[in-house]
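Please read the structure below before turning to the comments.
All values below were derived from every heavy atom in this structure, side-chain atoms included, with hydrogens, water molecules and symmetry-related copies excluded.
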Amino acid sequence: MGMHFDLIQSLSLAGDAAVPNDDRAGAGEMRAWVIDGATDLGPPGLVGPRGGAAWLSSEAHLAFATTPDAPVEAMSRAVGMHLAAAFEAARTREPEGRWELPLASFLAARIAGSKLEAAWLGDCVALLGSGETTVRLGPVRETRDAEAELAASLASHGLGAPKKSEPILASLKERRGRPGIRVLSVDPVTMAEIDTAATPCAPGDDLLLMTDGFAALVDSYGAYDEAGLMAAVRASGLAALAAELRAIETGDDFARFPRFKRSDDATALWLRIAG
């Protein structure tokens, strides 16, 4: 038998306990995934009483758990096909615009022989720790920098409010509806190109999968670099890091770290490769 994943710890915190958590994470023997549903910009209704982000994350989570084994890019495309079919069955009306289509970021990993395959769209991140070496899989930090710049440009309209102002909503709708967006979505066009990577792995390596709300410790707040975060996970675990994350956010007035929400949903999955 080849290598497999052992679960060490998992954590998922809603950004606001009054709002459903749109993150999902899961792992099997040979595959693992994190999903970050994009915050709804309108009221529920398109797919019934449930918000589109929560609906999409749940459907994608189910699909990653049940899709037959295949290279991680092919598996991700199968998840996209499942979402398109599920949306056609669930939707109650035409969307008001492209901005209303449910979408998400994701990163999926799969053990393939002596390598770890990864596929992603959006801003979920993975770290593979092998001894003293840490390899990043997923998008580079510039994605988060661009979002912070947008938030800063709209700061005069009020950041962090439970209900977004009309100028902020209009800007977010325009951004989400732009052509060429590359995300996990009910529209297969958005998954025409999936980012992939493969890196050697071995028994004893640690794999940390994160939605951007948890990866903010590196990408938004600069509390750690990748190697430092992996070392902190090994030394203290996910709960201690989550407390540090929320303390940073609670202590900031949106001036140092411009963002649209005080706290985002934050999910992390710590796995160890065994075999």
Side-chain angles (χ1 to χ4, degrees), residues 12-16 19-25 33-48 50-64 76 79-80 82-84 86-87 90-91 95-108 119-125 138-139 143-151 154 159-164 168-195 209-216 219-220 258-267:
S12 189
L13 301 175
D16 181 342
V19 180
N21 185 341
D22 296 326
D23 285 357
R24 299 290 185 273
W33 60 92
V34 288
I35 303 159
D36 179 5
T39 303
D40 296 321
L41 299 180
L46 180 61
V47 288
R50 192 176 200 185
W55 175 87
L56 183 90
S57 294
S58 295
E59 287 289 341
H61 179 66
L62 171 65
F64 273 116
S76 300
V79 170
H82 169 90
L83 292 174
F87 178 67
R91 70 174 181 167
E96 293 184 18
R98 287 191 59 81
W99 62 265
E100 197 182 17
L101 290 175
L103 55 88
S105 297
F106 85 96
L107 188 146
W120 67 89
L121 285 170
D123 49 17
C124 295
V125 176
T143 303
R144 300 297 295 162
D145 290 340
E147 187 168 319
E149 289 173 6
L150 178 62
L154 294 166
L159 299 177
K163 185 176 180 181
K164 295 179 176 64
I168 287 178
L169 266 180
S171 178
L172 293 176
K173 287 178 180 179
E174 180 183 8
R175 188 166 182 251
R176 193 169 294 180
R178 70 189 187 277
I181 189 171
R182 297 174 62 218
V183 289
L184 180 68
S185 170
V186 299
D187 179 2
V189 171
T190 68
M191 297 184 67
E193 297 179 36
I194 298 176
D195 293 309
L209 303 179
M210 302 172 282
T211 60
D212 69 320
F214 196 93
D219 289 346
S220 297
R259 58 203 189 278
F260 292 109
K261 294 179 284 188
R262 177 164 295 281
S263 294
D264 195 5
D265 299 339
T267 297

Is there a donor in the side chain of Ser105 and an acceptor in the side chain of Asp123, or the other way round, less than 3.5 Å apart?
yes
[X] [atom1] to [Y] [atom2] distance, which is reported to the nearest 0.5 Å:
| X | Y | atom1 | atom2 | value |
| --- | --- | --- | --- | --- |
| Asn21 | Thr211 | CG | OG1 | 8.0 Å |
| Leu62 | Ser57 | CG | OG | 12.5 Å |
| Asp16 | Arg262 | CG | CZ | 11.0 Å |
| Arg176 | Leu41 | CZ | CG | 4.0 Å |
| Leu83 | Ser185 | CG | OG | 8.0 Å |
| Ile35 | Ser58 | CD1 | OG | 8.5 Å |

Does Asp265 use its side chain to pair, donor to acceptor, with the backbone of Ala14 at less than 3.5 Å?
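Here the side-chain-to-backbone pair does not exist.
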Looking at [X] and [Y], what are the two nearest heavy atoms and their distance?
| X | Y | value |
| --- | --- | --- |
| Pro188 | Ala84 | CG-CB, 4.1 Å |
| Gly52 | Pro102 | O-CB, 3.5 Å |
| Leu107 | Gly138 | CD1-CA, 3.9 Å |
| Ser76 | Ala108 | OG-CB, 4.3 Å |
| Ile194 | Ala119 | CG2-CB, 3.9 Å |

Please enumerate all residues that pass ring pair (Phe, Tyr, Trp, His ring centres under 6.0 Å) together with His82, with sequence neighbours excluded.
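Checked His82 against ring pair (Phe, Tyr, Trp, His ring centres under 6.0 Å); zero matches.
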Applying ring pair (Phe, Tyr, Trp, His ring centres under 6.0 Å), can you list everything that pairs with Phe214, at least two apart in sequence or on another chain?
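With sequence neighbours excluded, Phe214 shows a ring pair (Phe, Tyr, Trp, His ring centres under 6.0 Å) to no residue whatsoever.
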Could you tell me whether the side chain of [Y] reaches within less than 4.5 Å of the side chain of [X], counting heavy atoms only?
| X | Y | value |
| --- | --- | --- |
| Leu46 | Phe87 | yes |
| Met191 | Leu184 | yes |
| Asp212 | Asp219 | no |

Partner residues of Arg98 under the salt bridge (charged side-chain N to carboxylate O under 4.0 Å, His left out) criterion, sequence neighbours left out
Asp187
Please state whether the rings of Phe64 and Phe106 are parallel, tilted or perpendicular, taking 30° and 60° as the class boundaries.
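The rings of Phe64 and Phe106 sit tilted, inter-plane angle from 30° to 60°.
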Who pairs with Arg182 by side-chain hydrogen bond (donor to acceptor under 3.5 Å, both in side chains), at least two apart in sequence or on another chain?
Asp195
For Thr267, which residues count as a side-chain hydrogen bond (donor to acceptor under 3.5 Å, both in side chains) partner, sequence neighbours excluded?
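Result, side-chain hydrogen bond (donor to acceptor under 3.5 Å, both in side chains) vs Thr267: Ser12, Asp23.
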Keeping to residues at least two apart or across chains, list the side chain to side chain donor-acceptor pair (under 3.5 Å) pairs with something in residues 35-46.
Thr39-Lys261
